[in-house]
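All chains are named by letter (A, B, ...) in the order of the sequence lines, taking the proteins before the strands, and each is independently numbered beginning at 1. These numbers were taken from a predicted model, which means no experiment stands behind them.
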Amino acid sequence: MTRKIETFKPISDDQTRIYSCGPTVYNYAHIGNLRAYVFTDTLRRLLNWKGQTVTHVINITDVGHLTSDEDSGEDKMELASQSMEKDIWQIAEHFTQAFKNDLSQLNLLRPTLWSTATDHIHDMIAFAKTLERSGATYILETGLYFDTTKVPDYGSLALTPREGQEEGARVDPIAGKRNATDFAIWRRSPAVGKRQMEWMSPWGPGAPGWHLECSVMSMKYLGSRFDIHTGGIDHREIHHCNEIAQNQAYTSHAHSGANWWMHNNFLIDRSGKMSKSKGEFSTLTSLIAKGIHPLAFRLMCLSTHYRSELEFSLETLAGQLVRLKRLVGAISMLGLEVESKPWMRIPNEIRFSSGASFTYPRTVLEQTLSPHGKKLLDGFDREMSEDLMTPRALPFLDETIHHDKLNAEEKLRIIASMDLVLGMNLLGTRRCDLALRPKDVSLSASEVEALLAQRQQARRAKDFANADAIRDRLHTAGVEIMDGPKPSWEWRPLLH
RNA sequence: GGCCGGGUGGCGAAGCGGUCAAACGCUGAGGUCUGCAAAACCUUUAUUCGUGGGUUCGAAUCCCACCCCGGCCUCCA
């Protein structure tokens, strides 16, 4: 609440409760959205790694929200429904699945609980009734509103003085609102026309205000006081302030609900932040179509601190892919030197973790470490514990791989432990897994193999002109040839 | 208009008063390997931190001014 870094202390000794603002499922998540969940996953993994059991709730906002606060505004869910000619519920289902699929491709751990807004409408109505009883609300033609002066220190999270704010700088103000910062708790449906999603309520048929769901669901599953609330930085000024106001009015207490509010910064490009409403944006799927592996995106996120803006470009992403390939390649080489051991099952088992602490897997991985190994892990721990300083923690990975005083098995154990937090599946990924076939590439894999065989023949016959011609042809087609004791090849990502 | 935040090598990004002639990754350059390449590996790549002042024994780091850029004040991570 102070915008300062403070030492984290959970409410219960060894348990942390986290609520993360999830997506509104009216479209595919763009990679900027995804950055938020990489951050959240890293936070959760670190807490697990430090011995915490984590209860993690992420919500799915499947209630439509108006594009404008006015009655005439269009509902994003309704809009998507029209353009896709699908039922609004199908829209929500479709994009929810797409979102979860993205997360699993990024190797994110499942939250303890997915919480869907439309499953909690009656919880929201009950919550709103309590707000009404507390005297913090008032009724207008358009619905039930929250009076932000009824709560102590409204907006203190935002550091934005309420004076001087230009109400409706970008949108027409609602008639009758007592304060510029007041917001809707319940949106009454317009007299004419019916929305696909609307519910009966004491304030007439309509839909809950956007801020209501997070207060309701976080409290329902995590209690009125929990540890960490995460979200994008764009939520810091409005959404979270409103959420806090609701929490305060509901509990009749000045506490904001969560002890820590953490906000990740945006992924931006030359034109500014990525935004669904701008129309054009990159999705994980579009990256994959170019031949860029999702884990390269994860690495890119980790190479920047979560509170810094990340300047996105395909070139940078491709660079991270190269880095990942080298990491994974080097780790495979280490694996060649070590025979199969029971501890090697751990990285895979962790992928199905639902919140338990990593204490046991860590003790297995880290038993009998040398002082050198210990030092590397301590350094990694120190940086990660410093507000998730991933860009500083990452070099310890390279240092471990190149260390000249550690044997291969110890290196692998250390890397496996670090990867419990980094979540890049470093031991379970081979270099060849990372080279994805770009979607619009002309050759098929078997055609490549055939050309490669031809080239090998030409080489054996010392017909280098012909061999090189084939290599050039493959190169322009997006194929990289790697000769050696065992000749191989891989797809190059297609940029642009 | 109000309020936040940022400008560091070709790119991404750490650093936030001394150990900074600025971590780390990618790129580039040189080398090893190779028929030549690629991949891999090794070495190397900012006397300088938007501009101009100031504070200080000492500033990328603090202060002031200016110039750019982004975000929030509708929904968005």
Side-chain angles (χ1 to χ4, degrees), chain A residues 3 20-24 26-27 29-40 61 64-70 73-76 155 158-174 180-181 183 210 230-239 263-268 270-278 281 299-300 303-305 307-313 315-327 329-330 333 383 389-399 402 431 459 462 464 467-468 471-472 475 480-484 487-490 492:
Chain A
R3 241 183 239 196
S20 300
C21 277
T24 305
Y26 67 93
N27 203 338
H30 58 69
I31 54 179
N33 296 317
L34 263 17
R35 185 187 181 196
Y37 304 101
V38 171
F39 152 61
T40 296
T61 301
H65 291 293
L66 302 178
T67 50
S68 129
D69 268 340
E70 283 213 291
E74 290 187 272
D75 182 305
K76 285 185 176 178
L159 302 183
T160 311
R162 67 186 95 191
E163 304 82 29
Q165 285 236 37
E166 203 172 298
E167 183 187 9
R170 287 150 74 192
V171 81
D172 293 331
I174 295 172
T181 48
F183 56 93
W210 179 49
T230 72
I233 196 166
D234 52 339
H235 285 159
R236 193 219 268 148
E237 269 69 28
I238 303 297
H239 178 51
H263 299 100
N264 61 279
N265 212 133
F266 287 127
L267 179 73
I268 61 172
R270 281 196 313 272
S271 62
K273 73 159 183 164
M274 293 208 176
S275 162
K276 284 184 193 173
S277 35
K278 272 189 193 165
F281 56 80
L299 217 209
M300 182 167 105
S303 69
T304 306
H305 186 73
R307 279 188 286 106
S308 299
E309 285 182 346
L310 204 186
E311 185 96 33
F312 173 79
S313 76
E315 290 66 31
T316 302
L317 226 204
Q320 297 295 344
L321 215 209
V322 171
R323 180 182 193 182
L324 222 208
K325 282 181 180 175
R326 286 180 186 160
L327 279 172
M333 295 303 282
E383 296 299 349
M389 225 340 140
T390 49
R392 278 266 173 197
L394 244 20
F396 283 99
L397 248 190
D398 303 80
E399 215 179 303
H402 297 115
R431 186 187 167 105
R459 288 184 73 202
K462 301 260 188 261
F464 294 122
D468 291 353
R471 184 171 64 198
D472 288 348
H475 186 85
E480 207 70 77
I481 295 177
M482 300 176 295
D483 289 340
S488 64
W489 62 278
E490 65 182 31
R492 248 182 316 123

Side chain to side chain contact (heavy atoms under 4.5 Å, CB included), that's the test. Do A:Phe266 and A:Asp234 meet it? Break it down for me. CA-CA 9 Å; A:Phe266 287 127; A:Asp234 52 339; 3.5 Å; yes
Out of B:G70, B:A38, B:G25, which nucleotide sits closest to the side chain of A:Met482? B:A38
Sugar-phosphate, base or nothing in reach of A:Arg459, heavy atoms under 4.0 Å: base
So which nucleotide does B:G25 pair with, by the Watson-Crick or G-U wobble rule with both distances under 3.5 Å? B:C11
Taking 4.0 angstrom as the limit, do A:Asp398 and A:Arg323 come out as a salt bridge? yes
Report, as yes or no, whether the 6.0 Å neighbourhood of atom CE on A:Met333 holds more than 12 heavy atoms from other residues, nucleotides or ligands. no
In whole Å, I'd like the distance from the CG atom of A:Asp398 to the C1' atom of B:C42. 15 Å
Using whole Å, what does the distance between atom P of nucleotide B:G12 and atom CD of A:Glu315 come to? 10 Å
Nearest non-hydrogen partners of A:Thr390 and A:Thr304, listed with the distance: OG1-O, 3.5 Å
Quick one: label A:His305 by what it contacts on the DNA or RNA (base, sugar-phosphate, nothing), any heavy atom closer than 4.0 Å. sugar-phosphate
P spacing across the pair B:A13 / B:C57, given as an integer number of angstrom: 36 Å
Sequence neighbours left out, what passes salt bridge (Lys or Arg N to Asp or Glu O under 4.0 Å) with A:Arg492? Give chain and number order. A:Glu480
Taking the P atom in each of B:A21 and B:A59, what is the distance between them to the nearest angstrom? 11 Å
A:Leu299 versus A:Leu324, closest heavy-atom pair with distance: CD1-N, 4.0 Å
Measure CG/A:Leu324 against C1'/B:A39 and give the value in whole Å, please. 16 Å
Spacing of A:Leu317 atom CG relative to B:C26 atom P, expressed in whole Å: 14 Å
Atom P, compared across B:C36 and B:A23: separation rounded to whole Å: 36 Å
Who are the side-chain hydrogen bond (donor to acceptor under 3.5 Å, both in side chains) partners of A:Thr316, not counting sequence neighbours? A:Ser313
When rounded to the nearest Å, what value does the distance between P atoms of B:G70 and B:A40 take? 37 Å
Please determine if a side-chain N or O atom of A:Ser308 lies less than 4.0 Å away from the OP1 or OP2 oxygen of B:A14. yes
Both A:Ile481 and A:Met300 contact RNA chain B. Which one's nearest nucleotide lies toward the 5' end? A:Met300
Are side-chain heavy atoms of A:Thr40 and A:Ser20 found at a separation under 4.5 Å? yes
Can you tell me the base-pairing partner of B:C3? Count Watson-Crick or G-U wobble geometry only, both distances below 3.5 Å, and say none if there is no partner. B:G71
Ranking A:Arg236 and A:Gly32 by the position along RNA chain B of their nearest nucleotide, the one closer to 5' is A:Arg236
Counting the atoms with a prime plus P, OP1 and OP2 as sugar-phosphate, which does A:His263 contact under 4.0 Å by heavy atoms, base, sugar-phosphate, or nothing? nothing
Checking B:C72, B:G70, B:A39 against the side chain of A:Glu237 (C-beta onward), the nearest is B:C72
Taking the P atom of each, how far is B:G30 from B:A38, in whole Å? 11 Å
So what's B:U19 paired with, Watson-Crick or G-U wobble, going by both distances under 3.5 Å? none
Scan A:Arg35 against the nucleic acid and name what it touches under 4.0 Å (heavy atoms): base, sugar-phosphate only, or nothing. nothing
Indicate whether OP1 or OP2 belonging to B:C26 is found under 4.0 Å from a side-chain N or O atom of A:Arg326. yes
What integer number of Å spans the P atoms of B:A14 and B:C62? 16 Å
Spacing of A:Phe266 atom CZ relative to B:G12 atom P, expressed in whole Å: 19 Å
Proximal nucleotide (of B:A38, B:A13, B:C11) relative to the A:Thr316 side chain: B:C11
Give the rounded distance in Å between these two atoms: CZ of A:Arg307 and C1' of B:C4. 14 Å
Using purine N1 to pyrimidine N3 plus N6-O4 or O6-N4 for Watson-Crick, or N1-O2 and O6-N3 for G-U wobble, each under 3.5 Å, what pairs with B:C41? B:G31
For the side chain of A:Asp234, counting heavy atoms from C-beta on, which of B:C72, B:U27, B:G35 is nearest? B:C72
Kindly say whether, by distance alone, the side chain of A:Asp483 makes a donor-acceptor pair under 3.5 Å with the base of B:G35? no
Base, sugar-phosphate alone, or nothing: which one does A:Glu490 contact when heavy atoms must sit under 4.0 Å apart? nothing
Taking only the side-chain heavy atoms of A:Arg471 (C-beta and beyond), determine which of B:C36, B:G15, B:C26 contains the nearest atom. B:C36
When the P atoms of B:C72 and B:U61 are compared, how many Å lie between them, rounded to an integer? 28 Å
Over how many whole Å does the gap from A:Leu327 atom CG to B:C24 atom P extend? 15 Å
Name the closest nucleotide to the A:Glu311 side chain, picking from B:C72, B:A13, B:A39. B:A13
Between B:U74 and B:G53, how far is it from one C1' atom to the other, in whole Å? 42 Å
Quick one: label A:Leu310 by what it contacts on the DNA or RNA (base, sugar-phosphate, nothing), any heavy atom closer than 4.0 Å. sugar-phosphate
Atom CG of A:Leu321 and atom P of B:A39 are separated, to the nearest Å, by 13 Å
Look at the side chain of A:Pro391 and decide which nucleotide, out of B:U27, B:A13, B:C72, has an atom nearest to it. B:A13
Nearest to the side chain of A:Gln320, heavy atoms from C-beta on, is which of B:G25, B:A38, B:A14? B:G25
